[in-house]
Every structure is written in C-alpha cells, then in structure tokens.
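Reviewing the structure listed below.
Order of appearance sets the numbers: ligands from 1, and atoms from 1 within every ligand. Sequential numbering from 1 along the given sequence is applied to the chain's residues.
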Amino acid sequence: MRRVSIFGATGSVGQNTVDLISRAPQDYDVIALTGADNIAQLSKDAKALGAKVAVTAKPGKLAELQAALAGSDVLAAAGPNAITEAATRPCDWVMSAIVGVAGLAPGLAALQQGATLALANKESLVCAGALMLQTAKENDATILPVDSEHSAIFQALTGEDINAVERIILTASGGAFRDWPLAALGSATLAEASSHPNWDMGQRITIDSASMFNKAMEVIEVREFFRVQPDQIEVIIHPESLIHALVGFNDGALMAHLGPPDMRHAIGYALNWPKRRGLPVARLDLAQIGQLNFKNPDIARYPALKLARAVMDRGGQMGAAFNAAKERALDAFINRRIRFTDMAEVVEDVLTRFETDPDHIDAAMTLDNVTKTDHLARMWADQVMAKRAG
Ligand code: NDP
Ligand code: MG
C-alpha cells in the first residue's frame, strides 16, 4: 500500500485528489489530510479515507475539528506548524494543493523526507524554485508537476533531451475578460472575475486567470522547473483550453498535449507515474470539437505577463516578492478595496521598489529569506495601496 497525504485536501485540486484516491482505497494508506476553514469536508474525508491525522491551518478551528472527529481514530491538529509537522510523517506520495505561499514549508518538509511531491502549489516554485529543486536533489525526492500545463510539458518531455528543446508554449484560455473592451476592465466586479470560461477551480486562481497573473506565475514555474531560458517560453491564447501546452524541438517538431479541462488527468498522471492507468475523465471527440483557435495575448490587457518577464530577468528573491505582492493585491480586490486593473499596478510598484534594494533580492535562497521577502512585499503592497487610496 502506498502512503499518501493531501495538503489542501478541502480545495478544488484537493477534492479531485480525494476523488481519485477514494476510487481505489485498497491501494492507499492515507496519512494526513489538511484544510483550513472547511472543517466539515476535512473531517468527513479524513474519516472516510481512514487518515491518521487531519490538520486545519486555523488554530481557532481545533475544537470544531476535534468535535467532528470524535469517536474516530483520526488525530486532530491545528496551525501552520502542525501542517508542516504533518508533512514530516513518513509518506510515499504527497499532494501539495494548499493555495498561496503557505504551501511552501510543508512542500519542503515532504521533500526533506524523500517523498514524491505532486506539486499543484505553483507558488512554491515561483517563490523558491531553486530551493525546491535543491531540496529534492539532496533528499533523493521527486517533484511531479500537477499544474495542467506543466504536467503536459512533463509528459511531452518524457524520453526527450531537454537540450533539444527550442521553446515551450503555454496555452491560456484568456480568462473571464478575454473578449471585454479594454476600457471596461477597470469596473469588472468580483463575481465577474470569479467565473472561468472552461475550468472549475478555486476562487483565487480563477481571478488570477482573468488577470493572467496565473499564466505569469506559470511562465515563471516553467523557468524554475524545466530550467529553460525565459525567451524560450511563450504564451498563446487558446480559448478552448484543450491543448494544455506544447513543446517545440530543434527539428521543428511541436508536441502538443490535449485533454479535457479536468484536473483529475494531471493529478492521476502524477499519482500513477511512471505508469499510466485508466482515469475517469471524458475522452475528446475531435470531430465534434471541429476546430481549435489561437491568438497572441495583448500585453495591454494582460500586464501581468510583462511583470513575469521582469521577475525572470532579475531572478533571486524577485519571484517571492512578485507572489506576495500579487497575493496581497488579490486579497484587496476580493475585499473590494481596489479595482481589477489596480492589481497589476500595485505589483509593479512593489517590484520597482525591490529593484532599488539589491540586498533583499540577492539574499541567499533559504526558507527564512523567502519568508522575509514575502513579509516585506506584503507590507510594501499595503503601503502602495494605502497611498493610492489616500
Ligand atoms: P482552493 O482555494 O480551492 O483550495 C485551497 C486549499 O488550501 C483548501 O484546502 C484550503 O482550505 C487550504 N488553505 C487555504 N488557506 C490556507 C492556509 N493559509 N494554510 C493552509 N491551507 C490553506 O485552491 P485550488 O485547489 O484551486 O488551488 C490549490 C493550488 O493548486 C494553488 O496553488 C493553485 O494555484 C494550484 N492549481 C489549482 C488548479 C485548479 O484547478 N484548481 C490548477 C492548477 C494549479 P479550506 O478550503 O478548508 O479553507
Ligand atoms: Mg495551469
């Protein structure tokens, strides 16, 4: 039996992972499930899967979790440290599906014990790609990408020489506002930004898809994980979201990965790797689909893509600064304190401030320094927003 844990089990990726594991419970020994606010789901799944421990990120929710688990053998724990501690429990396969930089410490802890880390939490790579890869290497651990584009690239690269890769093309749906007049973006509401044309995902990544901050993060994720040069990474709008990514080789071949927009494919691929096994996802009917469309993204509509280039050019701690400023600006948009189009401006202002502070950007890539950068970028983002409001 394989020992598995799911971090962020109550979220969109987490629930798809629970779904796959639940279909073959005899194959898995479930160690830890974690969540934050959704105690009902966390306790229900922990009991159904026979997890050893269920952890909520919220210390104030411990009593509720304990009550929900009463009478079962599942241990209850709470707080960010308890989540990271759960990642130190011996385990073979760990799903990293917490949203935000909160996923970084538990991901590193899982790598330190040599587990295979199925990585949906792109923030880990954006903030600390070099640290993640180094930790995996030192501990003989494996990172398998779960972000659908990166899983597609990983699959297209299987058996290939990375030196023969000319370019990697990420597809983007274009998000909720791809056909809106540019001038209307400033008044886009939270509800409008929270609906995705093709994928059913958590609220934060859905809004990030509308702004293409998600694609910006994914470009950096490609750079960090596959170690290609920034100018080898392209983004193309593909409204159908059926091609997840393409890899171009030096002989002119372009390998595309197609599949339905269902995260259970990428999750299942990582769960079964290096084998393939049957998965309960829809099969594409190409004749019915008829045609696939592509167009170049417009930087005026998606300024986040330009910011991703600046982050890659600067390197170091800039990814952590970018992610933290973005998370903070997104919080402010969700709380209706700034407009949709303000998010990219706030992030740009924070990055500009970091550019004048090379000590921070060039600090060694340790969890401590990433955490410091993260805190500073959040503080500066708040200052930028306060100044704009005042
Ligand atoms: P959701 O918002 O649906 O779920 C997030 C999970 O993290 C929930 O289990 C939530 O708990 C938990 N959580 C929230 N805050 C904290 C915290 N501070 N500490 C610990 N746990 C926390 O997110 P998604 O599933 O959409 O995304 C998860 C990750 O996967 C993100 O990094 C995202 O970018 C990435 N991803 C997601 C895709 C998707 O299809 N959804 C596709 C590709 C990548 P609770 O719900 O109990 O509050
Ligand atoms: Mg993706």
Q: For the pair K58 and D37, evaluate salt bridge (charged side-chain N to carboxylate O under 4.0 Å, His left out) and give the outcome as yes or no after the intermediate values.
A: CA-CA 7 Å; K58 305 282 171 79; D37 286 313; 3.0 Å; yes
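- Of all the listed residues (V99, I6, D262, T10), T10 holds the heavy atom that lies closest to atom 47 (O) of ligand 1.
- E348 and T352 are not linked by any side-chain donor-acceptor pair at a separation below 3.5 angstrom, with hydrogens and angles left out of the test.
- Residue E123 places at least one N or O, backbone or side chain, under 3.5 Å from an N or O of ligand 1.
- Inclusion of W199 in the set of residues having an N or O under 3.5 Å from an N or O of ligand 1 is not warranted.
- Any N or O atom pair closer than 3.5 Å counts here, and D37 shares at least one such pair with ligand 1.
- Contacts between A36 and ligand 1 below 4.0 angstrom, taking non-hydrogen atoms only, involve backbone and side chain alike.
- Nearest non-hydrogen protein atom to atom 21 (N) of ligand 1 is I98 CG2, 3.5 Å.
- Residue G202 has at least one nitrogen or oxygen atom sitting less than 3.5 Å from a nitrogen or oxygen atom of ligand 1, judged on distance alone.
- The shortest separation from a heavy atom of R204 to ligand 1 is not under 4.0 Å, leaving the residue out of contact.
- For ligand 1, the polar-atom distance check finds no N/O of N214 at less than 3.5 Å from any of the ligand's N/O atoms.
- In this structure, a donor-acceptor pair under 3.5 Å is absent between the side chains of N81 and E85.
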